[in-house]
Amino acid sequence: MADGKVGTNLTRHIYQKQMEHPEATGELTGILNQVAFAAKIVSREVNKAGLVEILGLTGMENVQGEEVQKLDDFANEVFINILGKSGHFCIIATEEEAEAITVPEGYKRGNYSIALDPLDGSSNIDFNIAIGTIFSVHRRVTEDEGEGEQDLMQPGRKIIAAGYVLYGSSTMLVVSTGDGVHGFTLDPSVGEFLQSHTDIQIPDKGNIYSINEGNYPYWTTGVRKYIDFLKEKDKASGRPYSGRYIGSMVADMHRTLLKGGIFMYPADKKDPKKPGGKLRLLYECAPFAFLVAHAGGAASTGTGPVLDVVPEDLHQRVPFFAGSKHDVSQVEWFVGKYDEDKE
Ligand code: AHG
Ligand code: MN
Ligand code: MN
């Protein structure tokens with residue numbers, strides 16, 4: 001029997017946060033509502049992807065040289081359209097666009113920039129495996145008509161809001177504006193994101209490691225030794241760890257946020273064009289580093305905090321190790337001991 005009690009929805013949650021921070025401009029409420037609006041539209045398509053002609057490849061390649069899935073394209077268009085016309089942003093960067101996108105003629109340039117991975121986990125789209133969207137919001141730093149790229153090229157320390165959408169068995173929006181990490185689950189019957197997780201905290205130490213073991217031959221010595229270490233039998237330290245790898249960063253990081261452990265995409269020697277690993281700083285690593293930090297965890301390049309990396313290129317890649325503080329500091333020890341000594 002429904003008790004008539006309705007949980008907090010995204011709008012009320014942000015509004016309550018805003019009341020606690022009178023200095024906030026109120027724009028964050030609008031920004032997150034626009035992200036949620038776009039997420040609902042993408043969620044609708046994801047949930048019927050198997051039924052309409054939206055699966056498969058577009059036959060095009062993106063700036064990453066990767067084949068573009070139709071759903072990648074659709075999600076990219078939806079977020080650019082909705083956010084570009086929202087009046088909140090002066091510039092937008094997405095994984096699917098080589099250059100940053102300026103605000104269309106006739107629409108207000110706002111006080112924020114946003115970097116997006118519109119559809120994360122593309123290789124899983126056709127197999128009904130969880131995929132997602134990742135976003136990261138900075139305050140504008142250029143004056144009125146600045147060219148805008150600098151508004152995007154800011155370190156993760158300066159992020160003012162970041163989050164992800166997980167299109168899984170249910171659609172979830174997990175977000176932080178710097179005051180805790182909170183989760184909202186979409187109730188499609190009312191079209192609202194209702195709060196389902198409050199102040200997510202990562203356990204200090206986990207017992208799950210998440211990495212693509214197929215790249216083992218290409219890793220540095222330190223990473224190989226760390227993974228070998230996790231597989232040794234040592235009851236006192238909870239080893240061997242369990243291996244879990246979905247191949248969608250959003251899904252692997254969502255589990256890491258909730259259960260602890262460590263997710264890794266190290267630099268590898270597999271593709272000379274990608275010396276810094278596969279994951280992009282602006283719209284994959286920095287937003288997740290921000291979320292992990294506000295959930296009591298850590299995110300490292302292996303030699304230092306991801307949040308301190310100053311971007312040099314929109315699509316710059318960095319090695320990424322994130323999750324429980326204990327586990328991240330342990331992999332940093334192995335990298336420091338075996339990789340630096342080898343130089
Ligand atoms: P995207 O689909 O946005 O290109 O991201 C895919 C990324 C990330 O989601 C995932 O963690 C990683 O690629 C998996 O890479 P491998 O298949 O090389 O393990
Ligand atoms: Mn991605
Ligand atoms: Mn993507």
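In listed order, ligands and their atoms are each counted from 1.
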(message) Is the distance between the ring centroids of Phe334 and Phe229 under 6.0 Å?
(response) yes
(message) Please say yes or no: joined through hydrophobic side-chain contacts below 4.5 Å, possibly via intermediate residues, are Ile82 and Ile31 part of one cluster?
(response) yes
(message) Is the positively charged end of Arg109 above the ring of Phe89, judged by distance under 6.0 angstrom from the centroid and angle within 45° of the axis?
(response) no
(request) Classify the contact between Met253 and ligand 1 as side chain, backbone, both or neither, using a heavy-atom distance cut-off of under 4.0 Å. (result) neither
(message) I need the atoms of ligand 1 closer than 4.0 Å to a non-hydrogen atom of Asp117, numbered in the order shown.
(response) 3 (O)
(message) If the cut-off is 4.0 Å to any non-hydrogen atom of Glu284, which atoms of ligand 1 fall inside it?
(response) 3 (O), 5 (O)
(message) Using side-chain heavy atoms (C-beta onward) and a distance below 4.5 Å, is Tyr226 in contact with Met264?
(response) yes
(message) Can you name the atoms of ligand 1, numbered from 1 with element, that are less than 4.0 Å from a heavy atom of Arg280?
(response) 1 (P), 3 (O), 4 (O), 5 (O)
(request) Answer yes or no: does an N/O atom from Gly121 fall short of 3.5 Å to an N/O atom of ligand 1? (result) yes
(request) Output the list of atoms in ligand 1 that are nearer than 4.0 Å to some heavy atom of Tyr245, sorted by atom number. (result) 14 (C), 15 (O), 16 (P), 19 (O)
(message) In the structure I gave you, are the side-chain heavy atoms of His88 and Leu83 within less than 4.5 Å of one another anywhere?
(response) no
(request) With the side chain counted from C-beta on, respond yes when Ile227 and Trp219 share a heavy-atom pair under 4.5 Å apart, and no when they do not. (result) yes
(message) Check Arg244 with Asp252, please: is the shortest side-chain N to carboxylate O separation under 4.0 Å?
(response) no
(request) May I ask which of Glu95, Met249, Glu213 has a heavy atom nearer to atom 11 (O) of ligand 1 than the others do? (result) Met249
(request) Would you indicate whether the side-chain heavy atoms of Ile80 and Glu97 approach each other to under 4.5 Å? (result) yes
(message) Could you tell me if the side chain of Val35 sits less than 4.5 Å from the side chain of Asn33, heavy atoms only?
(response) no
(message) Quick check: do Phe193 and Leu186 have side-chain heavy atoms less than 4.5 Å from each other?
(response) yes
(request) Return the orientation label for the His254 and Tyr164 ring planes: parallel under 30°, perpendicular over 60°, tilted otherwise. (result) perpendicular
(message) Is the terminal nitrogen or CZ of Lys225 (NZ for Lys, CZ for Arg) located under 6.0 angstrom from the six-membered ring centre of Tyr338 and within 45° of that ring's axis?
(response) yes
(message) Could you check whether any side-chain heavy atom of Asp151 comes within less than 4.5 Å of a side-chain heavy atom of Glu149, counting everything from C-beta outward?
(response) no
(request) Enumerate the atoms of ligand 1 whose separation from the nearest heavy atom of Phe263 is less than 4.0 angstrom. (result) 11 (O)
(message) Less than 4.5 Å apart, side chain to side chain, heavy atoms only: is that true for Leu194 and Phe184?
(response) no
(request) Just let me know how Leu119 lines up against ligand 1, side chain, backbone, both or neither, with a heavy-atom cut-off below 4.0 Å. (result) backbone
(request) Considering the heavy atoms of Asp120, write down every atom of ligand 1 situated less than 4.0 Å from one of them. (result) 1 (P), 2 (O), 3 (O), 5 (O), 6 (C), 8 (C), 9 (O)
(request) Answer with side chain, backbone, both or neither: which part of Phe320 has a heavy atom less than 4.0 angstrom from an atom of ligand 1? (result) neither
(request) Could you please give the number of protein N/O/S atoms within less than 2.8 Å of the Mn ion (ligand 2)? (result) 3
(message) Yes or no: does Ser123 have any heavy atom under 4.0 Å from an atom of ligand 1?
(response) no
(request) Could you list which atoms of ligand 1 come closer than 4.0 Å to a heavy atom of Ser122? (result) 2 (O)
(request) Please determine if Tyr265 has a nitrogen or oxygen closer than 3.5 Å to a nitrogen or oxygen of ligand 1. (result) yes
(request) Number the atoms of ligand 1 from 1 as they appear, then name those within less than 4.0 Å of a heavy atom of Asn212, with their elements. (result) 16 (P), 18 (O), 19 (O)
(message) Tell me whether ligand 1 is touched by Met264 - counting only heavy atoms on the residue side and a distance under 4.0 Å.
(response) no
(message) Regarding ligand 1, does Ser248 bring an N or O atom to under 3.5 Å of one of the ligand's N or O atoms?
(response) no
